[in-house]
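Let me begin by presenting the structure, written as C-alpha cells, before commenting on it.
Model, not experiment: these values are computed from the prediction. In listed order, ligands and their atoms are each counted from 1.
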Amino acid sequence: MEQFTLPDDFFFGAAMSGPQTEGEWNTGGKLENLWDTWSQENLSDFYNRVGSYAGNAFMAKYQEDLRIMADLGLTTYRTSIQWSRLLDEDGNINPEGAAWYHELFRASREAGLECFVNLYHFDMPTFLFRRGGWESREVVEAYAAYAAKAFAEFGQEVKHWFTFNEPTVEPEQRFQAGVWYPKLHDFGRARVVQYHISVAHALATANFRAAQADGTVRADAKIGLINAFTPTYTRENPTPEDLEAVRMMGGINNRWWLDLITKGELPVDVLDTLAENGVHLPIRPGDAEILKQGVVDWLGCNYYHPTRVQAPASKVDEYGLPRFADEYVWPDAVMNESRGWEIYPEGLYDFGIDVRDNYPGLEWFVSESGMGVMDEHLHRGDDYRIEDPYRVDFVRGHLEALARAIEAGSPCKGYHYWGLIDNWSWSNAFKNRYGFVEVDLMDGYKRRLKRSADWLREVATTHVVK
Ligand code: IFM
C-alpha cells in the first residue's frame, strides 16, 4: 500500500467510556447502574465471569493513561460521565463524583489532552430503570435534568460535549436482540426506547443551548451526538423488496439519527412504515417542536462494520413482531472472527460521501474505530510485547478510506481509536482486546505497549500513514 497523508489539522485520539474503564463501581457515592445490577444478579452472563466492577482501573491509573496517550502523540480523547456517579437519587450532585471528573479534566489539560465528554454510554442508573427506564417519559425528563447539571458543573472546563453514544445500540441489544439485560425480544418496545432517547437528546441539546446563551457553558463549546453508523448494502442486482429492506434498516439505524441532528426531525417514511406495521411511537403533542431543538454542531461516527440485508423471508419474526430484513451473507466478506464483524473500510468512505451529499455542512469525526481480538496473549514476542500487525492493517485500511473521503470533500475532522488501552466490554468483558496498549489482568492491570503502538505514534505525530 502506498503511503498517504492526512490533513495537518486532522486530530488523532482515543475513545473510552466511564463504565468500561473507571472501576470503583460502588465507591464515592456511586449508584448502581444496569451493568452493576446485572453483574450481581448473573455473573455467569459475562465472559469469564468478569462483571462491571472490572473497568480497567482508570480511576486508579488515569495519570499514567493520560501520559501514555500524550506520549503516543494523541491530542484528544473521549470518555463519559457516569450518570450514576455524578448525581444522587434525588438528582443532586454527588460531590465525590463531581470531584473525580473535575480532577480528570484538570489532569487532561495538564497532559495537553482535550477531553471530549459524553453524557450517556448505555449506563442507565438502576433505580431509574425500575421506574421505566427509556420507556418512561419521566426518565427522559430526568436525563435532561442530569445533562443540565453536568453543563452547570463543568461548563467552563469542557469544550466538546455529546449527548449519547450509539443510541441505536441500546434499544437493539436490550430490547430487540435479547443480548443485554433484561434480554427482551420486542421490536416495538425497542422503537419506543429509540424514540424516547431521541426526545432526551433534543431536550439535552436545548439545555446546552440555554446554558451557553447565559454563559454557564463556555462560548466556544460544541455539542454533538455519536452513533454507530452501519452503511447498509444488499446483493448485486437487488429486487425491489431487497431495496425496501435497505430503506428500512438504513432508515432505523442511520437516517433516523442523521435527520434528527441536522433537521430536527425523524424520517417520515420510516415512521409511516412502522405505523403501517403496528409499531406506534408514544408521540406527544409538542414533540415535533422539541425534536427541532435536536440539531447539533457536529457528529461522531462509530464505524466498525457495514450492515448487509435482503428482503425478509417472512414479514414477522419468531416472536410475531414485524421484520423488515434478513441478513445477506456477502460471499466476499472479510471477517474479524473474534468479534464476528465484517471488516470493510470502504464503508467509511461511503459514509463520508453520504454526509457530503445528503447532509451538507455537517462536520464529523470518526469517534470509534477499532479491532477486538481474542487470545492476544498468545501473540507475545520475545520482549513480551504483543505483536499485532493485524491491528495496523485494520487502522491503515480505515484511514486510507477516510483520506479518500476527505479528498472528495467530506468534512471529517479526526479519528478516535476505540479502546486504545484494553478495557472491559459489556458481556464480552475482556474477551476481545482492542488496545494498542495491553492491560495485564494477571499483573495488577499493568499497562504495556503492544508493537502496533510504535506505528500509531508515528502516524499521530507525522500524519503520514505508511
Ligand atoms: O465497547 C464498545 C463501546 O462501548 C461502543 N462501541 C463498540 C465498542 C466495541 O464493541
Got a list of side-chain donor-acceptor pairs under 3.5 Å for residues 10-22, not counting sequence neighbours?
residue	atom	partner	partner atom	Å
S17	OG	Q20	N	3.4
S17	OG	Q20	OE1	2.8
Q20	OE1	H121	NE2	3.3
Q20	NE2	W424	O	3.0
T21	OG1	S17	O	2.8
E22	OE1	Q82	NE2	2.7
E22	OE1	R85	NE	2.7
E22	OE1	R85	NH2	3.2
E22	OE1	Y101	OH	3.4
E22	OE2	W100	NE1	3.2
E22	OE2	Y101	OH	2.8

* To do: Report yes if some heavy atom in the side chain of I386 is under 4.5 Å from a heavy atom in the side chain of R433; otherwise report no.
  => no
* Provide the full list of salt bridge (Lys or Arg N to Asp or Glu O under 4.0 Å) pairs with a residue in residues 250-261, sequence neighbours left out, each pair given once. => R255-D269, D259-K263
Could you list each N/O atom of ligand 1 together with any protein N/O atom closer than 3.5 Å, one pair per line with the distance?
residue	atom	partner	partner atom	Å
ligand 1	1 (O)	Q20	NE2	2.9
ligand 1	1 (O)	S425	OG	3.1
ligand 1	4 (O)	Q20	OE1	2.7
ligand 1	4 (O)	H121	NE2	2.7
ligand 1	4 (O)	W426	NE1	2.9
ligand 1	6 (N)	E166	OE1	3.4
ligand 1	6 (N)	E166	OE2	2.8
ligand 1	6 (N)	E368	OE1	2.5
ligand 1	10 (O)	Y434	OH	3.2

* Asked: Do R67 and E64 sit within salt-bridge range, that is, some charged N less than 4.0 Å from a carboxylate O?
  -> no
* Scan N118, I223, D297 and name whichever one has a side chain to side chain contact (heavy atoms under 4.5 Å, CB included) with W161. => I223
Donor-acceptor pairs under 3.5 Å, side chain of residues 342-352 to any protein atom, not counting sequence neighbours: which ones?
residue	atom	partner	partner atom	Å
E342	OE1	R308	NE	2.8
E342	OE2	R308	NE	3.3
E342	OE2	R308	NH2	2.8
E346	OE1	R404	NH2	2.8
E346	OE2	R404	NH1	3.3
D350	OD2	Y233	OH	2.6

